[in-house]
Amino acid sequence: MIAFIVKSTVALSVFLVFYHLVLEREKMHQFNRFFLLFSIVISVAIPFISFEMIKEIPVDFSRQIAVNQEAINTSIHQTAEKTDYKFILLWTLYGIITLLMAIRFGRNIWKIFSRIGNSPSVEFKNSKLVLVEEKILPHTFLNYIFIHSGDYKNQNIEAELLTHELLHATQKHTLDILFIEFLKVVFWFNPIFLFYKKAIQLNHEFLADQEIVKTYNNVPFYQNLLLRKGSEKQTIYLASNLNYLVTKKRLTMMKKRTSKNTAFLKKIAAVPVLMILMMLLCVKTVAQEVKAETKNKTSKNSSNTEKAVILKDKKQDVSVKEKSSHSTDEKKNQVSSQPIASKKTTNTKESEALNKKQESGSEVNTLISESEERSKEPRKYYGYQIMQFDTTMFR
């Protein structure tokens, strides 16, 4: 909450100072109206806008361990602490004052609408004239223009004044006042919104005066009219009034002339102010650990070295295989280079040995077959007969 208040107040102050120094004195009131409203909206939104910029910072593990230990200790201490009643008291106070301001705001609106309902009204172009019995200065709220009924019946109201108030109604100046008053209810503790309200109301008067000068083309008469009415100092809350406290500025602005090039340059000058504020209040630097990146790099390097070693081993194996293949080829070449006669002798010796082996194998096979045949033949009894016993004698 404190960060929001600080950032929004800084932005509001910078924009307001820029308006008073650069824009207010120039005759470009429509742009100034937009600038004032936009500066309020963007100043309230700036605390919620953030852009991150990554900054690499080397990590100290000992410091990081100490910081983590401190965070653990603080978290334990916070859980052990009791409820912060000061925080609750401040929010309760804020809620009570905000509620009172909102009641005041709603009561003033209700007074205006009750006056509209209890007073006769007359159609006047695109608005309504509300005839009030009180002796008041003409003032405007939305599409309603409040004037004294006696002055209206006696036709004691100048056409310039009625046109002035009609311009407030057609250009919807009351909506700007309601917007700033609503912000004053929510941010009642920030007095800068009072200065914004005065700047907006003065700009409304500049806009109305500019149209009156164009329409009637009688600047001296209109200036004298403002000076005569300036003695009747009466302002109505939430209404666009003929505010004669700043009559001097209005009179000088009627004679002011601004070239198109000057107006364009001053409008463009608002862009760098906005960019600088965004850079100062919305950009955050985020620390990024470099140690982790170095670890990743070292792991990558180690993996690369391992790959290189494997490739070297493979190359060595390939070279050994190539050498062995070369040696076998050389041996074959040596064998092939021996004379043909030696080849023949070796071949004849090998064939004789094979024949002997075959002959011995055949003799063994014949012996085995003869033994098998003998086992199959019936036994022969040489000189012996088969004895048979008569077993009847034992019966």
Side-chain angles (χ1 to χ4, degrees), residues 10-43 45-46 126 140 158-177 179-180 192-230 240-280:
V10 169
L12 286 168
S13 302
V14 171
F15 283 127
L16 188 62
V17 170
F18 177 79
Y19 171 77
H20 285 301
L21 295 178
V22 180
L23 301 178
E24 184 184 17
R25 299 177 183 178
E26 302 300 330
K27 209 166 187 177
M28 46 185 185
H29 309 306
Q30 197 65 39
F31 175 80
N32 289 345
R33 181 188 181 185
F34 169 78
F35 176 82
L36 289 170
L37 296 174
F38 174 77
S39 61
I40 293 172
V41 173
I42 196 66
S43 298
I46 275 177
N126 293 326
T140 305
E158 291 79 2
E160 287 83 357
L161 291 181
L162 287 177
T163 306
H164 181 95
E165 296 302 324
L166 182 62
L167 289 169
H168 285 311
T170 55
Q171 293 180 4
K172 308 296 181 184
H173 292 167
T174 308
L175 297 178
D176 300 349
I177 303 298
F179 174 68
I180 194 69
I192 197 168
F193 288 103
L194 295 172
F195 299 102
Y196 267 92
K197 181 183 177 182
K198 291 181 180 180
I200 290 171
Q201 285 180 331
L202 179 60
N203 186 65
H204 289 170
E205 300 300 329
F206 288 158
L207 285 167
D209 292 340
Q210 184 179 4
E211 294 298 326
I212 293 297
V213 171
K214 288 181 181 179
T215 304
Y216 293 95
N217 198 14
N218 193 354
V219 176
F221 175 79
Y222 186 62
Q223 288 178 343
N224 291 326
L225 178 63
L226 292 179
L227 290 172
R228 281 189 288 111
K229 297 291 183 180
S240 296
N241 300 274
L242 280 170
N243 190 354
Y244 300 109
L245 297 175
V246 290
T247 305
K248 183 178 179 180
K249 290 184 178 181
R250 294 173 64 186
L251 295 177
T252 55
M253 186 57 68
M254 290 179 193
K255 297 180 180 180
K256 180 74 177 179
R257 290 184 180 180
T258 302
S259 62
K260 293 183 179 179
N261 294 329
T262 303
F264 178 75
L265 292 174
K266 291 194 174 184
K267 290 176 183 178
I268 294 297
V271 177
V273 175
L274 177 61
M275 297 301 293
I276 292 169
L277 279 174
M278 296 289 284
M279 290 292 292
L280 293 176

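All values below come from the heavy atoms of this structure, side chains included, with hydrogens, waters and symmetry mates left out.
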Does the side-chain contact (heavy atoms from CB on, under 4.5 Å) test come out yes or no for L175 and F179, once each step is laid out?
CA-CA 6 Å; L175 297 178; F179 174 68; over 6 Å; no

Take H173 and L207 through the test side-chain contact (heavy atoms from CB on, under 4.5 Å) and record every step on the way to the result.
CA-CA 10 Å; H173 292 167; L207 285 167; 3.8 Å; yes

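- In this structure, CD on E211 lies 10.0 Å from NE2 on H29, to the nearest 0.5 angstrom.
- Classified by interplanar angle (parallel below 30°, tilted 30° to 60°, perpendicular above 60°), the ring pair F38/F34 is parallel.
- The CD atom of E205 lies 13.0 Å from the CD1 atom of I200; values are rounded to the nearest 0.5 Å.
- In this structure, the side chain of N224 engages the main chain of P220 through a donor-acceptor pair within 3.5 Å.
- Note on ring orientation: taking the six-membered ring where Trp is involved, the planes of Y19 and F35 are parallel (angle under 30°, cut-offs 30° and 60°).
- A pairwise comparison of heavy atoms in S259 and T262 identifies OG-OG1, 2.7 Å as the closest pair.
- Between the CG atom of L12 and the CD1 atom of I46 there is a distance of 8.5 Å, given to the nearest 0.5 Å.
- Atom OH of Y216 sits in a crowded spot, with more than 12 heavy atoms from other residues, nucleotides or ligands closer than 6.0 Å.
- The two residues I177 and I180 have their closest heavy-atom pair at O-CG2, 3.1 Å.
- With a 4.5 Å cut-off on side-chain heavy atoms, L226 and M254 count as touching.
- Nearest heavy atoms, F206 versus E24: CE1-O, 4.4 Å.
- Between E160 and F221 there is a side-chain heavy-atom pair separated by less than 4.5 Å.
- Here I40 contributes atom CD1 and F15 contributes atom CZ; the two are 11.0 Å apart, rounded to the nearest 0.5 Å.
- Residue K198 holds its NZ atom at 11.5 Å from CG of L16, rounded to the nearest 0.5 Å.
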Please step through side-chain contact (heavy atoms from CB on, under 4.5 Å) for the pair Y222 and H164, ending with a clear verdict.
CA-CA 11 Å; Y222 186 62; H164 181 95; 3.0 Å; yes

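- Separation of atoms NZ (K255) and NZ (K27) is listed at 11.5 Å; rounding is to 0.5 Å.
- For the pairing with T258, the side chain to side chain contact (heavy atoms under 4.5 Å, CB included) check across M28, K266, E26 returns one residue only, E26.
- Side chains of L23 and L36 form no contact here, defined as non-hydrogen atoms less than 4.5 Å apart.
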